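Read the structure below first, then the notes.
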Amino acid sequence: MPQSKTLPSDRAIQPLDRSFFARNPRRVARELLGKVLVRNPADSKGTRLIARIVEVEAYLGEKDPAAHAFAGRTLRNAVLFGPPGHAYVYFIYGNHYCLNVSCEIEGKAGSVLFRALEPMAGIEQMALARGVELHGPKDLPKLTSGPGRMAQAFGITRGRDNEGDLTSQANGLWIGQDSYRTRGIAVTRRIGITHAAEMPLRYILLGNAFVSGGAKYNRSGTATS
DNA sequence: ATATCGATTATCT
DNA sequence: GATAATCGATATG
């Protein structure tokens, strides 16, 4: 029960309210930048994983040709039509899990895809989960830079996390905020999609080393301060 | 730095 | 049977 001497960031993290997610995906995506994703330890010996959200993409629901909700509600994408703030986890290319959070009010689809994180705590465990050997700071992006990578680092799977409530600290996987203030962001086209690829719906923390995609996707777009 | 390709499975046509 | 919101390895400039 007592958290002993927690990391400074530990004590300060508060879960986001469900109303945060009950809005259109563009606003949720933009405001998720700088928030943190937390995985509670599986047992008393486990480590809490904490990482800052540095890259996300908005998917606009049934009207967005790139969204899983485009063809309407199915068994697979049902979470997208459910209440906001829940995890939608899918398996892609036979290899990778990807994490989304549902947005909009219940009955209306919409989501934000998590694409990259900056590790803050539990780095050793992330490296273990990824099968990566750390030799220096240059190896850190291999842990959480990319949607499949960050999911693997956090042990996210469909069976374990799909439908989970990301506003609940009791859920094990949740989203919170600390005292961090976002300095600058950019908006670019989305990565790795074949439909509606030109729409500016990818949000990144400007200059952050953990953003995925390479230089090609990190220019063009709207910079703000 | 950019391009190509194989891995491997849930889902839909 | 085709496709996909990816990654890592490999090849080449």
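Given the structure is predicted, the values throughout are model-derived calculations rather than measurements. Below, all heavy atoms of this structure are taken into account, side chains as well, without hydrogens, waters or symmetry copies. Residue numbering restarts at 1 for every chain, and letters A, B, ... go by the order of the sequence lines.
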Contact list please: residues 54-78 of chain A against DNA chain B, heavy atoms, distance less than 4.0 Å, in numerical order. A:Thr74, A:Arg76
By the Watson-Crick or G-U definition, both distances under 3.5 Å, C:dA5 is matched with none
A:Arg158 to A:Tyr90, cation-pi by 6.0 Å centre distance and 45° axis angle: no
Whole-Å distance, A:Asn100 CG to C:dA4 C1', equals 14 Å
Would you classify A:Arg190 as touching base, sugar-phosphate or nothing, given that sugar-phosphate means primed atoms plus P, OP1 and OP2, and contacts are heavy atoms under 4.0 Å? nothing
For the CZ atom of A:Arg149 and the OG1 atom of A:Thr144, what is their distance to the nearest 0.5 Å? 9.0 Å
Send over the distance from A:Phe91 CZ to B:dT9 P, rounded to a whole Å. 6 Å
Do any of residues 123-152 of chain A sit with a heavy atom less than 4.0 Å from DNA chain B, and if so which? none
Here the gap from A:Arg115 atom CZ to A:Ile191 atom CD1, rounded to the nearest 0.5 Å, amounts to 4.0 Å
Quick one: pull up CG in A:Leu134 and CG in A:Leu143 and give me the separation to the nearest 0.5 Å. 5.5 Å
Rounded interatomic separation in angstrom, taking CG from A:Leu113 and C1' from C:dT6: 11 Å
Using purine N1 to pyrimidine N3 plus N6-O4 or O6-N4 for Watson-Crick, or N1-O2 and O6-N3 for G-U wobble, each under 3.5 Å, what pairs with B:dT8? none
Using the ring of A:Phe21 (Phe, Tyr or Trp, six-membered ring only), decide whether A:Arg18 places NZ or CZ under 6.0 Å from its centre and within 45 degrees of its axis. no
State yes or no: do A:Trp174 and A:Leu113 share one hydrophobic cluster built from I, L, V, M, F, W and Y residues joined by side-chain heavy-atom distances below 4.5 Å, directly or via other members? no
Contact class for A:Tyr93 vs. all strands (heavy atom < 4.0 Å): base, sugar-phosphate, or nothing? base
Do NZ/NE/NH1/NH2 and the carboxylate oxygens of A:Arg23 and A:Glu104 come within less than 4.0 Å? no
With distance as the sole criterion, do the side chain of A:Tyr90 and the base of B:dA10 form a donor-acceptor contact below 3.5 Å? no
What is the separation between atom CG on A:Asn162 and atom P on B:dA10, rounded to the nearest whole Å? 14 Å
Distance from A:Leu37 atom CG to A:Ile50 atom CD1, nearest 0.5 Å? 10.0 Å
In whole angstroms, the gap separating C1' of B:dT9 from OH of A:Tyr97 amounts to 9 Å
N/O donor-acceptor pairs under 3.5 Å from side chains in residues 91-100 of chain A, not counting sequence neighbours:
residue  : atom : partner : partner atom : Å
A:Asn100 : ND2  : A:Tyr88 : O            : 3.4

So, do A:Glu198 and A:Arg189 sit near enough that their side-chain heavy atoms are less than 4.5 Å apart? no
Taking for each residue the nucleotide of DNA chain B with the nearest heavy atom, is it A:Arg158 or A:Gly94 whose nucleotide lies nearer the 5' end? A:Gly94
Which nucleotide in the list C:dT6, C:dA5, B:dA10 gets nearest to the side chain of A:Asn95? C:dT6
When the distance from CG of A:Leu80 to C1' of C:dA5 is rounded to whole Å, what number comes out? 11 Å
Nucleotide C:dT6, atom C1' - distance to NE2 of A:His96 in whole Å: 4 Å
Any side-chain N or O of A:Arg189 less than 4.0 Å from the OP1 or OP2 oxygen of C:dA5? no
